[in-house]
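Structure first, then comments.
Just so you know, ligand 1 is whichever comes first in the structure, and atom 1 is the first atom listed for that ligand.
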Amino acid sequence: MSNERVRSTGHPDQEGGLETAFAENPARAAAGRWRLMAILLAALIATVGVALGYASAAASTGGAGGGTSAISTNLQNTVVIKNFAYGPATMTVAPGTKITVVNQDRAPHTMTAVNKSFDTGTIAGGQRGEMTAPTTPGTYPYICAMHPSMTGTLIVK
Ligand SMILES: [Cu+2]
């Protein structure tokens, strides 16, 4: 008990009162301490859990190439639309390749071949679409049907 008193330097009155209460009922004092330890332990586990969560999230982002911009070049057969631009602007795929188009803008976009040989249709902001590359080798310029100033080229060979 004397150890407890020495250790608690912060609020002598409060701690003293608590200590007195504990002294009057040792069983309740022990129960109270266990409950306190359980709460502290739970808080610690929660904190560690959150920290680990952040760590793994950071790790997975890093694994994908360390940034949103890198994702577009790391994922195969994927075109990422961001800031009203296609990335990569020119992509080469095998005939008939299935291509995923990710729209990271808020605005809706399409990926529409100028010669209409492929078209994702409207992809809402934050959504993704799919389209299949033509089976005939060639160079296919494409645009966004809603924003024709957005251009890209799909090369099939
Ligand atoms: Cu668009």
Side-chain angles (χ1 to χ4, degrees), residues 7-15 17-18 28 30-157:
R7 198 162 57 86
S8 58
T9 53
H11 305 281
D13 291 347
Q14 197 186 339
E15 290 288 328
L18 204 63
R28 184 180 285 178
R33 288 208 187 100
W34 276 113
R35 196 172 302 143
L36 186 67
M37 264 171 70
I39 290 166
L40 287 175
L41 198 63
L44 184 70
I45 289 167
T47 307
V48 170
V50 168
L52 285 176
Y54 280 134
S56 65
S60 62
T61 306
T68 315
S69 58
I71 289 171
S72 62
T73 50
N74 277 5
L75 294 179
Q76 266 204 319
N77 304 328
T78 299
V79 174
V80 176
I81 303 174
K82 196 174 182 185
N83 296 325
F84 290 76
Y86 298 100
T90 300
M91 189 165 74
T92 303
V93 297
T97 300
K98 199 169 243 183
I99 295 170
T100 301
V101 185
V102 180
N103 180 6
Q104 292 189 342
D105 279 345
R106 289 188 175 201
H109 295 297
T110 77
M111 184 171 162
T112 307
V114 171
N115 72 358
K116 307 288 185 198
S117 56
F118 58 82
D119 186 5
T120 59
T122 302
I123 306 169
Q127 300 299 304
R128 60 183 59 206
E130 271 192 351
M131 64 96 169
T132 303
T135 53
T136 307
T139 298
Y140 297 83
Y142 61 84
I143 60 166
C144 172
M146 295 163 199
H147 315 100
S149 62
M150 292 171 61
T151 60
T153 304
L154 184 71
I155 299 169
V156 177
K157 69 177 183 184

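- Rounding to the nearest 0.5 Å places CD1 of Ile81 at 5.0 Å from OH of Tyr86.
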Report all side-chain donor-acceptor pairs from residues 144-157 shorter than 3.5 Å, counting only partners two or more places apart or in another chain.
unit_1: His147; atom_1: ND1; unit_2: His109; atom_2: ND1; d: 3.1

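- In this structure, CZ in Arg128 is found 9.0 Å from CD in Gln104, a value given to the nearest 0.5 Å.
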Could you go through residues 129-140 and list every donor-acceptor pair under 3.5 Å that involves a side-chain atom there, pairing it with any protein atom two or more places apart or in another chain?
unit_1: Tyr140; atom_1: OH; unit_2: Thr136; atom_2: O; d: 2.5

Please table the atom pairs, donor to acceptor, closer than 3.5 Å between any side-chain atom in residues 91-98 and protein atoms at least two apart or in another chain.
unit_1: Thr97; atom_1: OG1; unit_2: Ala94; atom_2: N; d: 3.3
unit_1: Thr97; atom_1: OG1; unit_2: Ala94; atom_2: O; d: 2.5

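- Here the Cu ion (ligand 1) has protein N, O or S atoms under 2.8 Å from it, and they come to 3.
- In plain terms, the two heavy atoms of Asp105 and Phe84 that are nearest each other are OD2-N, 2.8 Å.
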